Every structure is written in structure tokens, then in C-alpha cells.
Peer 1: 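Next up is a structure, given as C-alpha cells.
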2 protein chains.
Amino acid sequence: MSHTIYDIAKAAGVSIATVSRVFNKAESVKPSTREKVMKVADRLGYQPHVYAQGLASKRKNRIMMLAPVMSNYFLTEILRGIQDCLASHDIELNIVNISQDSRAIDQVENIIKKSWAEGYLLVSLHLNEEELSCLERYQVPISLLDDYSSYFDSVSFDNVEGAFLATDYLISRGYERIVILSANPNAIPIRERLAGYKKALEKSKIPFRESYVVTGDNMERDGFNEQSGYEAMRKILTMDPMPDAVFCTSDIKAVGAQKAMRETGLKIPLISFDNLSISEYIGLSTVSQPMYRMGSEATEMLISRIRNGESKSRHTQYEPELVIRSSSEKPTVKHEAV
Amino acid sequence: MSHTIYDIAKAAGVSIATVSRVFNKAESVKPSTREKVMKVADRLGYQPHVYAQGLASKRKNRIMMLAPVMSNYFLTEILRGIQDCLASHDIELNIVNISQDSRAIDQVENIIKKSWAEGYLLVSLHLNEEELSCLERYQVPISLLDDYSSYFDSVSFDNVEGAFLATDYLISRGYERIVILSANPNAIPIRERLAGYKKALEKSKIPFRESYVVTGDNMERDGFNEQSGYEAMRKILTMDPMPDAVFCTSDIKAVGAQKAMRETGLKIPLISFDNLSISEYIGLSTVSQPMYRMGSEATEMLISRIRNGESKSRHTQYEPELVIRSSSEKPTVKHEAV
DNA sequence: CTGAAAGCGCTTACAG
DNA sequence: CTGAAAGCGCTTACAG
């Protein structure tokens, strides 16, 4: 039904090799020949068959982003960075969702095995070192985003410092009973943020208490969801004595936490983590991650590895910035219940 | 570096045709032969080369979702539906982002031309009939999601009825100066929602006023963003006389609108549209779209067309449901400014 | 139930 | 600057 390189070659009165060269932007084609071929190709609506190209050339001009797409707003920002970077390189992007149902590493391995792409961007997957080491044998360029490992290039965020800044800010405002609204304790970002929280307490000689690590019951997406934030905040608001500030481990959880405060009419100053696009609009004080830049940086790394095949892995870590809005303010009036 | 079908054939002492049959689940292979092949394949970590398979078989077992990924929360829900449906069919999904920068139809056409997949899911693209008609000549299964056209299968939502319900509810609560917080007037969903809004006014003999269609200035994603909602609401709150209720065309815009109300300390009852996962937590009354079901339904349609090649196009339209939360309540106390 | 062989639509040394 | 030809790794009638 669609035309092949033979059709074009015949119609243009050249060999298929020449048609191929024209489409691969080879320099060595006489301009007049090139034009002749292009004219025919345009008229017939010719498109090279991607599978055939891939098979013959062993190239694919394509990278894949593997990510838990469900964990959303955060990824959106990252994606923008990736795409803007790609646009300037004429490389295509495929996005594949890694579902939370089955083991992430199995899904990743299955995809990489099939060698669809020239490189892979593993976003927020937080595979462990052992799992990542399995991937090494495929000898394919891989960059980690929002993650770290010695095995591959990585672009990460200083979660420890971010959590430290947030907690330290709360301490500087005079709060002492500061809880951390946490999530799955085994998740890497949580471990790091907890460490930063502890570090800030330590600096000010405030004792760490296990009971001040509060988690919701809903563990979807490792507990990074609204409901989990809501549940945890309900618990916090019944503690006695009631904590006087909370460091919340993600903006999306803070959305749930805010609901709990509205419902009960109680309000505690809160700082969270991410700085999503909605956060500005709901007044969240938060630790800002440069998601866009992280996306483009990781992509740049991946491309350079594909093109130049560097030897040792490179790592970039972005530093946090505190954005103060209304959620961390001391409640002057009692908040009205809704 | 990686093994080919020849390596497996040789190691298993069979022909490559037999190996191929084993991997394609052909019935006609003796169980003992199958086992022998599988054992070797497992040991050598063999994976068929996808491009070669695609080239030789002219099949791909793969569908592609084309969507403006940036328009996010809404898509997340849809995606879950798609994936759950796909899982039961052993078909792979690729997600390709259609950027808002350049013409959507060009991007779509470019992808379809390359015939990566056996079928395409066009989500929230709102191409016009003329553009869609261009796609017909590629003779490939296409389903539209969150969109409608006579050319292709479609799963859509009754935007008119949804807007009608929301507006009618506000009227039933005694409001009369009801504005519509709108977006790009050329966007299909906006046109339909405006029509539903008008229909409700008409039913109650409330005159429609052009000045009650209020839009923000930020037109990213057709104005479906927080900032645009914020801007529009600021305008609304300075109108004289001030409107007494607002029908907001999307939840994400409502997030911005709520900020405007908090800032000014003024509050107007509001109903919006979508029912995103955050909406419950920020108390939005809204028109609920069954996004998950829409996703799986559209996928089911696409697969059946791929497998059976139906003749005429089928269309499913989902009906709205009103979810009433706190945002549509009459403000009793003046809202405190933040 | 299995194999030999043609063919899918390209790319790329090689030769000229 | 261009062409003939081999080859990429599979699938699938066809024959047995």
C-alpha cells in the first residue's frame, strides 16, 4: 500500500542507494540528484520504513523514558525539560509507563532487552544497586533522573539538604514540636528527607522522636498521594501535645494535609516538598526542585553518552531552594472549618 | 553482542523456522521441541529483535497513544484505564507527546506515516474534521478519546450536558448572576461547555450576557491552567454588580480561581469540571468525568478494530455526574484573606 | 510436526 | 558522486 525505496528509486531514475543517501542527509549527493529524489518522494508521500531502517542500520535515533507515569505533576515538569532538549537534537522520545503493580526492574529489563532505543532515561524508578547492576550487561546508555547510582550517569536532587532547609526554617521560626509527614519508609526519597529532617533537629539540639514520624495508611505510589497526606495529618492533629509545625514530604501529600486542617478547623504551619505548578496557587511553602532543568540535564548526558560513549559515569546533583508562601505562617486566627 | 535466532537454532539443533514458531506460540510445535528451544533461549537470554519481527511479519503488537501530555492530571486517569485494558491483551503501549508548540496534526501525521504501531489512540487532540480526514488515507485503526468525529471510533463525554447540570444546579440554588469562567473560545470542549451553560440559562429564562463569559489571559493549553483561572477570577471579583456564582470550565482553573478568592477575601460559590484526584481534597464541587472508563473503553474499541477490522465507526458518549462538595456552598462568613 | 528458502525495506562498505 | 550487492534478524507460505 505504501511506497518503498524501490518505488522512489525507479520513479526518480536512480538506485535505492542514492535514495537512501538523500534521506540520510549524506553529503555526497549531487544537489540536482537530491532535488530530483525529494520531489518524487514528496509526490508519492514516501516515508522510510522505520523498522527496516533500524534493522539495517542498527541505529534508531530514539530514546525511551521509563517512568511511573502515574506519579504525575512532578513528571510533567521533567518531561518539558527532556523534550526541549531533544528537539534540538532531532531525536525521538518514547515514553513508557512503569506500572506500580509488578516489579519495576522486570518491566525495565524487558524493555531494554528488546533494544527499542539507543538510550534509556530511568525516571524516579529508585531501583536498588543490585537491580541496576543487572542492567549493566545490556551495555546500553542509561541515565538516571531523580535517582542515583554509581553504575550510571545520574541527575539527582539533594533531598537531604532540602529537608534540612525546610526543617531548619521551621525551627528558626521558633517551632519545636516539628513532625515529619512521611511516606513509605523504604522509599529512597523518604529516607533521604528523613535524614535531612533529623540533621536539622540535631543542629538545634532538638531530640528526634520516633512518634514524630507520621505516615498515612494509603501506600499507593509509596504513599505519595493526597489521601495518605490527609490520613497522616488527621493523626497529627489528634496528638497530645499537638505538634506546632509539620515538614511534609511532598506537595501532593500537603494537598491532603490541608484538607484535614480545613475539616478540623485546626491549623499548623507546614512546609512541603517539590513546588508543583499547583503549589503556588494553594499557597504551599515548599522546597523547590528544578524539575525542568533536571530533565534537560539528564537528557543532555544521555545523548552525549550515546554519541561519544564516555567512559566513566557522571553525576549532577541539584541544590534545593526554599519557597516561602502562606502555608508556613503562624495561624493568627483560628481557621474556619469548612 | 546479543544472540540471534540462528544462535538459538544451532544450539537447540533445530531450524530457525522452529525457533520462530516457538516464540510465536504456534500450536504446531511438538512440546518436547518447544521445551528444548525455550531452555536454550533462556540460557542465552535470547530476545527476538523487534524491528526484524516487525519488518518480516508486518505486525507490531503495539498501539500508540498520542496526547498533549502536559495537560496532565486528566490524562493520568485515562492512562490507567488504557493500561489496565491493554494488560489483558498482551499489547504494548507507547506514549508520544504531542507538543502544543507546533501544529498537532503535523506531528500526528508524521508519527502515523512511520507506521510504528497497529493502532493509534488520539487523546484530547481535538483536531478538526478536515485534519482528521487527512488521516483516513493511512488506512490504520484510530480511536479518538475525549473527542468526536464521524471518521473514527470515538469515546467522548457529554460536555454540553455536564455544563448544563452544573449551571442548572447553581440556578436551582437561587443564583442568577452566574458567570462562566472560560478558556480558549475555539477549543471544542469550551464551545460545548459554553453551549451547556447557555442551555441552562435559557431553560430558566435567564438572559445570556457576553460579559459573563470571562477568560484569563494565559492561553497555555488553551487556557486550561491555574494561572488563567486565577486571572479570570480576579476579573470576576471586580465586576459590578459582582456575579453571585461561577461555573468554571475545569478543575485546574478552579485551583487558580480559589487563590484569587483567598487573596481578595471574597468568595463566590463555584462548580467546575473534571473531578481530578486533587479535587476532592480541595473541596471542589464539580462535574465528574469517568476518565478511567473512558480510557479502557477507547482501548477496547481500538483493539477490536485491529483484530476484526469493523466497517463502520462506533461512538460512545459518557454522561456527566455532579459531585457537590464545599466550593459551591453559599459563603456564610466572609472568607479570611491569606 | 519441521525445514529450506524467499522476502520484508532498508543501509553501507566496496568499487568505480 | 553513484550503483550493485550483501546483509540486518526475523516470518511464513510451501513442501514434505
Side-chain angles (χ1 to χ4, degrees), chain A residues 1-41 44-62 90 92 112-118 138 140, chain B residues 1-38 40-41 44-62 92 112-118 138 140:
Chain A
M1 47 216 259
S2 67
H3 301 281
T4 74
I5 199 171
Y6 288 93
D7 303 325
I8 309 305
K10 189 183 294 176
V14 298
S15 75
I16 61 162
T18 298
V19 177
S20 173
R21 289 196 188 98
V22 168
F23 273 84
N24 289 299
K25 308 188 170 60
E27 354 52 46
S28 69
V29 180
K30 208 200 312 178
S32 64
T33 312
R34 173 191 307 279
E35 269 173 43
K36 197 168 54 179
V37 170
M38 282 312 285
K39 214 158 74 183
V40 174
L44 269 47
Y46 170 70
Q47 273 295 121
H49 190 294
V50 212
Y51 287 2
Q53 283 186 310
L55 182 59
S57 72
K58 296 161 172 306
R59 272 189 281 93
K60 16 228 150 174
N61 244 42
R62 224 141 82 71
D90 199 28
E92 292 193 52
I112 290 184
K113 258 185 196 163
K114 299 194 178 161
S115 72
W116 280 110
E118 284 181 90
Y138 295 106
V140 68
Chain B
M1 47 218 260
S2 68
H3 302 280
T4 73
I5 199 170
Y6 288 94
D7 303 325
I8 308 306
K10 190 182 295 175
V14 298
S15 75
I16 60 162
T18 298
V19 177
S20 173
R21 290 195 188 97
V22 168
F23 274 84
N24 289 297
K25 307 185 170 63
E27 354 52 47
S28 68
V29 180
K30 209 201 307 183
S32 64
T33 311
R34 173 191 311 277
E35 269 172 43
K36 196 169 53 181
V37 171
M38 283 311 286
V40 175
L44 269 49
Y46 170 70
Q47 271 297 120
H49 186 128
V50 213
Y51 288 1
Q53 283 185 310
L55 182 59
S57 71
K58 296 163 172 306
R59 270 189 282 95
K60 14 227 146 170
N61 245 40
R62 225 141 85 71
E92 292 193 53
I112 291 184
K113 259 185 195 161
K114 298 193 180 163
S115 71
W116 279 111
E118 285 180 89
Y138 294 106
V140 67

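Reminder, nothing fancy here: chain letters follow the sequence lines and each chain counts from 1. Hydrogens, waters and symmetry mates play no part in the numbers below; they use all other heavy atoms, side chains included. Owing to the predicted nature of the structure, the values given are computational and were not obtained by experimental measurement.
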Peer 1: Taking only the P atom of each, what is the distance from dA6(C) to dT2(C) in whole angstrom?
Peer 2: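 Going atom to atom, P in each nucleotide, I get 23 Å.
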Peer 1: Given side-chain contact (heavy atoms from CB on, under 4.5 Å), test L55(B) with Y51(B) step by step and report yes or no.
Peer 2: CA-CA 6 Å; L55(B) 182 59; Y51(B) 288 1; over 6 Å; no
Peer 1: Write down the atom of Y46(A), the atom of H3(A), and the distance for their closest heavy-atom approach.
Peer 2: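 Looking at all heavy atoms of both residues, the shortest contact is CD1-O, 3.5 Å.
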Peer 1: Scan V14(A) against the nucleic acid and name what it touches under 4.0 Å (heavy atoms): base, sugar-phosphate only, or nothing.
Peer 2: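 Sugar-phosphate contact only - V14(A) comes under 4.0 Å of backbone atoms but never of a base.
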Peer 1: Do nucleotides 8-16 of chain C as a string where each nucleotide becomes B, S or -: B if the base has a protein heavy atom under 4.0 Å, S if just the sugar-phosphate does, - if no protein is that close.
Peer 2: BBBBBB---
Peer 1: If every non-hydrogen atom of R34(A) is compared with every non-hydrogen atom of V29(A), which pair is closest and at what distance?
Peer 2: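 Nearest pair, atom of R34(A) first, then V29(A): N-CG1, 3.9 Å.
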Peer 1: Looking only at atom C1', what distance separates dT12(D) and dG16(D), rounded to whole Å?
Peer 2: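 One C1' to the other, the span is 16 Å.
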Peer 1: Ignoring hydrogens, what is the shortest heavy-atom contact between A41(A) and I8(A)? Give both atom names and the distance.
Peer 2: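 Closest approach of A41(A) to I8(A), heavy atoms only: CA-CD1, 4.2 Å.
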Peer 1: Between A9(B) and S15(B), what is the shortest heavy-atom contact and its length?
Peer 2: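 Where A9(B) meets S15(B) most closely, the heavy atoms are CB-C, 3.8 Å.
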Peer 1: Distance check: side-chain N/O of S28(B) vs OP1/OP2 of dC1(C), anything under 4.0 Å?
Peer 2: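 No, outside the criterion.
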Peer 1: Between dC1(C) and dA5(C), how far apart are the P atoms? Round to whole Å, please.
Peer 2: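 Result for the P pair: 24 Å, nearest Å.
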Peer 1: For S57(A) and Q53(A), indicate whether the former's side chain and the latter's backbone hold a donor-acceptor pair under 3.5 Å.
Peer 2: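 Yes; at least one donor-acceptor contact below 3.5 Å.
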Peer 1: Flag the pair P48(B) / I5(B) as yes when at least one side-chain heavy-atom distance between them is below 4.5 Å, and no otherwise.
Peer 2: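 No, their side chains stay 4.5 Å or more apart.
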Peer 1: Let me check I have this right: for DNA chain D, each base becomes ., (, ), [, ] or |, based on Watson-Crick or G-U pairs with both distances under 3.5 Å. What is the full string?
Peer 2: |||.||||||||.|||
Peer 1: Check the pair H49(A), T4(A) against side-chain contact (heavy atoms from CB on, under 4.5 Å), reporting the backbone distance first and the verdict last.
Peer 2: CA-CA 8 Å; H49(A) 190 294; T4(A) 74; over 6 Å; no
